[in-house]
Amino acid sequence: MNRFSRRSACLALSGLASLALAAPALAQAPADSWPSRAIRVIVPTPPGGAYDATMRPLAQELSQALKQPVVVENRPGAGNIIGAQAGAAAAPDGYTLTMTGMVNTIAAGIYDKLPFDIVGDFSHVGSIGAAAQWLVVRSDAGFGSLQELLAKARAEPGRINYASSGNGSTGHLLVELLQRSAGIQLMHVPYKGGAPALQDVLGGVVSVIVVPPNTAIPHVKAGKLKLLAVSTAQRNPAYPDVPTFEELGFPEMTVSSWVGLSAPKGTPPAVVQKLNAAMAASLAKPALRTRLENDGMTPLTMTPAQFSDLVRSDAQRWIQLTRSLNIKAN
């Protein structure tokens with residue numbers, strides 16, 4: 001090798017060494033500078049629904065923690081699939097997040113083909129909280145208890161209708177479980193989101209619905225809806241006279257519906273950690289915790305790894321259950 005070649009080789013090696021030393025700093029740079037602009041959170045339900053009511057106050061706290069606007073974008077439809085699909089397909093740069101929930105793991109079991117994999121197509125950031133599900137009826141529907149509703153349904157199969165926020169929603173699955181366990185037949189009326197479904201129950205178009213507490217509480221307090229059963233293991237302290245499904249003989253309906261935030265697969269781990277820390281700080285604030293609890297949501301803080309494990313285990317659980325029930329959305 002001549003002197004020129006040796007010199008070139010040394011320079012090349014020196015350059016490679018410099019790049020190697022600089023690589024950690026270069027890899028860290030995006031997380032160090034993130035966020036430098038507004039962050040979008042896709043909420044896969046209509047404005048006014050349970051997800052929306054939970055996400056908007058959290059978005060305000062995240063805006064303060066991250067020192068950038070956190071903007072909620074409602075993308076409802078198809079049992080939360082449309083919004084989740086948009087979130088999975090977004091750039092993995094930390095500027096688009098998706099509000100995910102137990103309903104997405106249910107969908108993995110009831111749809112033959114989904115445009116995304118809730119387990120593999122997201123970098124799951126962290127949990128927000130978990131809530132019970134309430135079975136409510138319009139106050140003038142003539143059902144004073146769940147037993148009366150079941151008796152009427154047995155006497156008139158298919159005559160009583162129930163609303164849900166869409167095929168594959170938590171409400172849909174729980175009523176399907178109730179029908180199997182109680183030996184009844186109800187008529188399913190799916191909607192594109194919980195808000196329009198609840199409006200039709202209040203308006204007398206549909207008789208029954210299973211919803212999270214935060215959407216039902218104002219109407220229960222106003223006397224427009226009657227609460228017949230709750231999905232938690234214990235009775236709700238604010239409504240001590242209302243039994244749990246387990247007390248009524250339906251232990252399989254003991255469920256707490258969780259929600260959280262997820263980023264597209266490939267989002268830098270340092271950005272995910274930064275987001276998770278902002279979520280934990282926000283959820284630790286007493287005012288936000290009180291607001292969520294008043295809406296029936298128990299704040300729940302998890303690391304990205306813990307939240308990913310929850311998504312994975314619930315997907316396995318609901319796939320097995322929906323297949324055993326032969327529930328299909330398409």
**OP:** Please test Ser262 against His124 for side-chain contact (heavy atoms from CB on, under 4.5 Å), starting from the C-alpha separation and ending with a verdict.
**Re:** CA-CA 4 Å; Ser262 303; His124 296 291; 2.7 Å; yes
Original post:
When rounded to the nearest 0.5 angstrom, what is the spacing between CG in Leu97 and CD1 in Ile42?
Top reply: 9.0 Å
**OP:** Indicate if Leu186 and Trp134 have the same hydrophobic cluster label, given that clusters are the connected sets of ILVMFWY residues with side-chain heavy-atom separations under 4.5 angstrom.
**Re:** no
**OP:** Taking side-chain contact (heavy atoms from CB on, under 4.5 Å) as the test, write out the residues that go with Ser181, two or more places apart.
**Re:** Phe250, Glu252
Original post:
Are Leu58 and Leu66 linked, directly or through other ILVMFWY residues, by side chains that come within less than 4.5 angstrom of each other?
Top reply: yes
**OP:** Inspect the surroundings of CD in Gln234 and state if more than 12 heavy atoms from other residues, nucleotides or ligands are less than 6.0 Å away.
**Re:** no
Original post:
Do Pro92 and Ser123 have side-chain heavy atoms sitting under 4.5 Å apart?
Top reply: no
**OP:** Might you point out which heavy atoms bring Pro240 and Pro237 nearest each other, and give the distance in Å?
**Re:** CD-O, 3.4 Å
Original post:
Side-chain heavy atoms under 4.5 angstrom apart, residues restricted to Ile, Leu, Val, Met, Phe, Trp, Tyr: same cluster for Val205 and Val189?
Top reply: yes
**OP:** Please confirm whether the backbone N or O of Gly129 pairs with a side-chain atom of Thr298, one donor and one acceptor, at under 3.5 Å?
**Re:** no
Subject >> Main-chain N/O of Lys224 paired to Ser139 side chain as donor or acceptor, under 3.5 Å >> reply: yes
**OP:** For the pair Asp295 and Ile217, evaluate side-chain contact (heavy atoms from CB on, under 4.5 Å) and give the outcome as yes or no after the intermediate values.
**Re:** CA-CA 7 Å; Asp295 284 343; Ile217 286 173; 5.7 Å; no
Original post:
Linking I/L/V/M/F/W/Y whenever any side-chain heavy atoms sit under 4.5 Å apart, do Val137 and Leu227 land together?
Top reply: no
Original post:
Where the side chain of Ser231 meets the backbone of Gln133, is there a donor-acceptor pair that is under 3.5 Å apart?
Top reply: yes
Subject >> Intermediate values then yes/no, side-chain contact (heavy atoms from CB on, under 4.5 Å), Met279 and Thr301 >> reply: CA-CA 8 Å; Met279 290 178 66; Thr301 302; over 6 Å; no
Original post:
Looking at CG of Asp200 and CG of Leu198, how far apart are the two atoms once the value is rounded to the nearest 0.5 Å?
Top reply: 9.5 Å
Subject >> Arg154 side-chain N/O to Ala182 backbone N/O, donor-acceptor pair under 3.5 Å >> reply: yes
**OP:** Examine the side chains of Thr244 and Arg235 and answer whether a donor and an acceptor come within less than 3.5 Å of each other.
**Re:** no
Original post:
Are any non-hydrogen side-chain atoms of Met187 and Tyr162 less than 4.5 angstrom apart?
Top reply: no
Original post:
Taking all non-hydrogen atoms of both residues, which atom of Ala65 and which atom of Ala278 are closest, and how far apart?
Top reply: CB-CB, 4.1 Å
Original post:
So Phe307 and Trp258, would you call those rings parallel, tilted or perpendicular, with 30° and 60° as cut-offs?
Top reply: perpendicular
**OP:** Nearest 0.5 Å please: distance from the CE atom of Met302 over to the CG atom of Asn276.
**Re:** 11.0 Å
Subject >> Heavy-atom donor-acceptor pair, Ser127 side chain to Leu300 backbone, under 3.5 Å >> reply: yes
Subject >> Test item: Tyr95 side-chain N/O and Ser36 main-chain N/O as donor-acceptor pair under 3.5 Å >> reply: yes
**OP:** Check the pair Lys152 / Glu148 against salt bridge (charged side-chain N to carboxylate O under 4.0 Å, His left out), numbers first and verdict last.
**Re:** CA-CA 6 Å; Lys152 182 73 170 178; Glu148 290 182 13; over 6 Å; no
**OP:** Can you see which heavy atom on Pro44 is nearest to which on Gly83, and at what distance?
**Re:** CB-CA, 3.9 Å
Original post:
Short question: side chain of Thr267, backbone of Pro264 - any donor-acceptor pair under 3.5 Å?
Top reply: yes
Original post:
In Å, rounded to the nearest 0.5 Å, how long is the span from CG of Leu135 to CG of Leu174?
Top reply: 9.0 Å
Subject >> Side chain proximity check, Ile82 to Lys192, heavy atoms < 4.5 angstrom >> reply: no
Original post:
Do the side chains of Gln85 and Thr98 get nearer than 4.5 Å, heavy atoms only?
Top reply: no
Original post:
Hey, does the side chain of Glu246 reach the backbone of Thr254 with a donor-acceptor pair shorter than 3.5 angstrom?
Top reply: no
Original post:
Do His172 and Pro190 have side-chain heavy atoms sitting under 4.5 Å apart?
Top reply: no
**OP:** Verify side chain to side chain donor-acceptor pair (under 3.5 Å) between Asn80 and Asn104, making sure each step is shown before the conclusion.
**Re:** CA-CA 7 Å; Asn80 294 25; Asn104 297 119; 5.1 Å; no
Original post:
Under 4.5 Å between any side-chain heavy atoms of Glu176 and Ser164, yes or no?
Top reply: no
Subject >> Rounded distance (nearest 0.5 Å) linking atom CG of Leu150 with atom CD of Gln179 >> reply: 10.5 Å
Original post:
Can you find a side-chain donor-acceptor pair between Tyr111 and Thr322 that sits under 3.5 Å?
Top reply: no
Subject >> Minimum heavy-atom distance Val211-Ala216, with the two atoms named >> reply: CG2-CB, 3.7 Å
Original post:
Met102 and Thr105: which non-hydrogen atoms are nearest, and at how many Å?
Top reply: O-OG1, 2.6 Å
**OP:** Decide side-chain contact (heavy atoms from CB on, under 4.5 Å) for Leu146 and Phe245; before the verdict, give the C-alpha distance in whole Å, the side-chain angles of both, and the deciding distance to 0.1 Å.
**Re:** CA-CA 9 Å; Leu146 181 63; Phe245 282 111; 4.1 Å; yes
Subject >> Atom pair OG1/CG of Thr45 and Asn74 - distance to nearest 0.5 Å >> reply: 6.0 Å
Original post:
Do you reckon Tyr191 sits in the same ILVMFWY cluster as Tyr51, going by side-chain contacts under 4.5 Å, direct or chained?
Top reply: no
Subject >> Among Val230, Ile209, Thr215, the one residue meeting side chain to side chain contact (heavy atoms under 4.5 Å, CB included) with Val136 >> reply: Ile209
**OP:** Flag the pair Leu149 / Leu228 as yes when at least one side-chain heavy-atom distance between them is below 4.5 Å, and no otherwise.
**Re:** yes
**OP:** Name the orientation class of the two ring planes belonging to Phe122 and Phe116 (parallel below 30°, tilted from 30 to 60°, perpendicular beyond 60°).
**Re:** perpendicular
**OP:** Would you mind reporting whether Asn214 and Met297 have side-chain heavy atoms less than 4.5 Å apart?
**Re:** no
Original post:
What heavy-atom pair brings Ser63 and Val70 nearest, and what distance separates the two atoms?
Top reply: OG-N, 2.9 Å
